[in-house]
Amino acid sequence: MRRLSFWQHRIQPVLHDCVHTRPYFLCFLNLLFLQIQMIHANRLRWLILTLLVVFLDRLCKAAIEAKTAEGWHHELIHNFIYLVHSKNPGIAFSIFADSNSHWVRYLLIAGSLVVIAIIAWYLVAADGVSSRAAAGLALLLGGATGNLTDRVLHGAVTDFFEVLFGSYRYPAFNVADSAITIGAILLLLDLLFSKPSRPNAISKAR
């Protein structure tokens with residue numbers, strides 16, 4: 001109800017003015033100002049976790065890129081964990097990795113930007129986000145940003161961890177991928193175990 005009320009009383013009039021009177025640029029600034037008003041200031045601290053993920057991800061990738069050549073392979077734990085240097089121009093599990101089209105790269109970058117914008121908005125502006133969910137969103141945002149940085153700079157994502165489970169070799173991954181996985185698990189846990197909201201005064205009266 002709070003979101004609906006905000007939409008009805010603040011955003012709808014702005015959009016109405018955009019259509020009938022105001023220049024589009026001024027409308028955009030007005031909508032941007034309204035979005036800023038919706039930000040929960042206490043959630044901005046979670047962006048520190050996002051920045052930490054991006055920093056660690058780029059630091060590890062830069063070290064691998066500087067010290068090794070693509071295709072490098074080193075065993076850390078026998079038949080279990082390996083350090084590698086591989087490039088993935090596609091998405092998770094090397095989907096689209098064999099495509100040589102520049103359009104695939106541009107579409108992946110555009111898609112990543114859209115996902116990052118949605119996650120960032122939800123993290124700082126959405127109502128009813130718990131600390132567990134905020135941590136998950138911050139990790140997702142950091143992981144998505146880290147891999148997007150690779151796509152923009154190199155056209156492919158650098159992966160450097162590889163895990164072997166018996167005869168199954170798990171696709172190579174990086175810090176950003178790990179952050180995305182942990183973030184998704186936190187969001188799932190929050191969805192499954194979040195406490196129901198307390199009934200309001202009207203519900204109690206009934």
Side-chain angles (χ1 to χ4, degrees), residues 46-116 118-120 123 130-194:
W46 290 106
L47 294 178
I48 297 175
L49 178 58
T50 295
L51 294 175
L52 181 62
V53 170
V54 175
F55 174 76
L56 289 177
D57 182 64
R58 184 91 292 273
L59 181 66
C60 293
K61 289 173 178 175
I64 289 292
E65 292 163 354
K67 299 295 184 179
T68 66
E70 187 175 354
W72 177 78
H73 192 274
H74 176 72
E75 186 178 68
L76 287 180
I77 301 178
H78 182 62
N79 287 333
F80 185 37
I81 299 177
Y82 299 84
L83 280 179
V84 299
H85 183 173
S86 65
K87 299 285 186 181
N88 178 17
I91 56 177
F93 301 103
S94 299
I95 299 173
F96 301 129
D98 296 329
S99 176
N100 295 320
S101 173
H102 291 293
W103 287 107
V104 172
R105 177 189 175 190
Y106 298 146
L107 287 174
L108 290 176
I109 290 175
S112 297
L113 287 172
V114 171
V115 171
I116 286 171
I118 293 173
I119 295 174
L123 173 61
S130 67
S131 295
R132 181 165 48 195
L137 289 169
L139 289 170
L140 285 175
L141 184 60
T145 303
N147 283 337
L148 174 63
T149 302
D150 274 20
R151 295 190 195 283
V152 173
L153 294 178
H154 307 300
V157 175
T158 301
D159 293 319
F160 53 86
F161 277 124
E162 197 172 68
V163 178
L164 192 66
F165 297 102
S167 60
Y168 175 73
R169 189 175 297 275
Y170 191 83
F173 59 97
N174 52 47
V175 172
D177 297 330
S178 301
I180 290 173
T181 300
I182 296 172
I185 292 172
L186 288 176
L187 289 176
L188 181 60
L189 290 175
D190 187 72
L191 180 65
L192 294 175
F193 301 108
S194 59

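These values consider heavy atoms only, across backbone and side chains, with no hydrogens, waters or symmetry-generated copies. On a predicted model such as this, the values are computed, not experimentally measured, just so you know.
- In summary, of the residues considered (I180, N88, T158, N147), a side chain to side chain contact (heavy atoms under 4.5 Å, CB included) with N174 occurs for N147 alone.
- Counting all heavy atoms, side chain and backbone alike, V53 lies closest to G142 at CG1-C, 3.6 Å.
- Atom CD1 of I77 is separated from atom CG of L164 by 12.0 Å, given to the nearest 0.5 angstrom.
- Between S86 and A172, the shortest heavy-atom distance links the atoms OG-CB, 3.6 Å.
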Does L52 form a side-chain contact (heavy atoms from CB on, under 4.5 Å) with T50? I'd like the steps, not just the answer. CA-CA 5 Å; L52 181 62; T50 295; over 6 Å; no
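- Closest non-hydrogen pair, L49 versus A138, comes out as CD2-CB, 4.0 Å.
- Using a 4.5 Å cut-off on side-chain heavy atoms (C-beta onward), V175 and K61 make no contact.
- Between W72 and H74, the ring planes are parallel. Angles under 30° get that label, and only those over 60° would be called perpendicular.
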Between L137 and W46, is a side-chain contact (heavy atoms from CB on, under 4.5 Å) present by the stated rule, with each step listed? CA-CA 9 Å; L137 289 169; W46 290 106; over 6 Å; no
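- The shortest non-hydrogen separation linking A134 to L123 is O-CD1, 3.5 Å.
- The side-chain heavy atoms of F165 and V163, taken from C-beta on, include a pair separated by under 4.5 Å.
- From E65, atom CD reaches atom NZ of K67 across 13.0 Å, with rounding to the nearest 0.5 Å.
- How far CD of E162 is from NE2 of H73: 4.5 Å, rounded to the nearest 0.5 Å.
- Distance check, rounded to the nearest 0.5 Å: CG of L148 to CG of L153 gives 9.0 Å.
- Across every non-hydrogen atom of A133 and D190, the tightest pair is CB-OD2, 3.6 Å.
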Assess whether side-chain contact (heavy atoms from CB on, under 4.5 Å) is satisfied between L141 and L47, documenting all intermediate values. CA-CA 9 Å; L141 184 60; L47 294 178; 3.9 Å; yes
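- Counting all heavy atoms, side chain and backbone alike, L189 lies closest to R132 at O-NH2, 3.9 Å.
- Using cut-offs of 30° and 60° for the angle between ring planes, the Y170 and Y168 rings count as perpendicular.
- The cationic group of R169 lies under 6.0 Å from the six-membered ring centre of Y82 and within 45° of the ring axis, placing it in a cation-pi geometry.
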Please determine whether salt bridge (charged side-chain N to carboxylate O under 4.0 Å, His left out) holds for the pair D150 and R58, giving the CA-CA distance in whole Å, both sets of side-chain angles, and the decisive distance to 0.1 Å. CA-CA 8 Å; D150 274 20; R58 184 91 292 273; 2.8 Å; yes
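- Rounded to the nearest 0.5 angstrom, L187 CG and L140 CG are separated by 5.5 Å.
- For the pair F160/F173, no side-chain contact is recorded, criterion being any heavy-atom separation below 4.5 Å from C-beta on.
- Rounding to the nearest 0.5 angstrom, the gap separating the CG atom in L83 from the CG atom in L76 is 4.0 Å.
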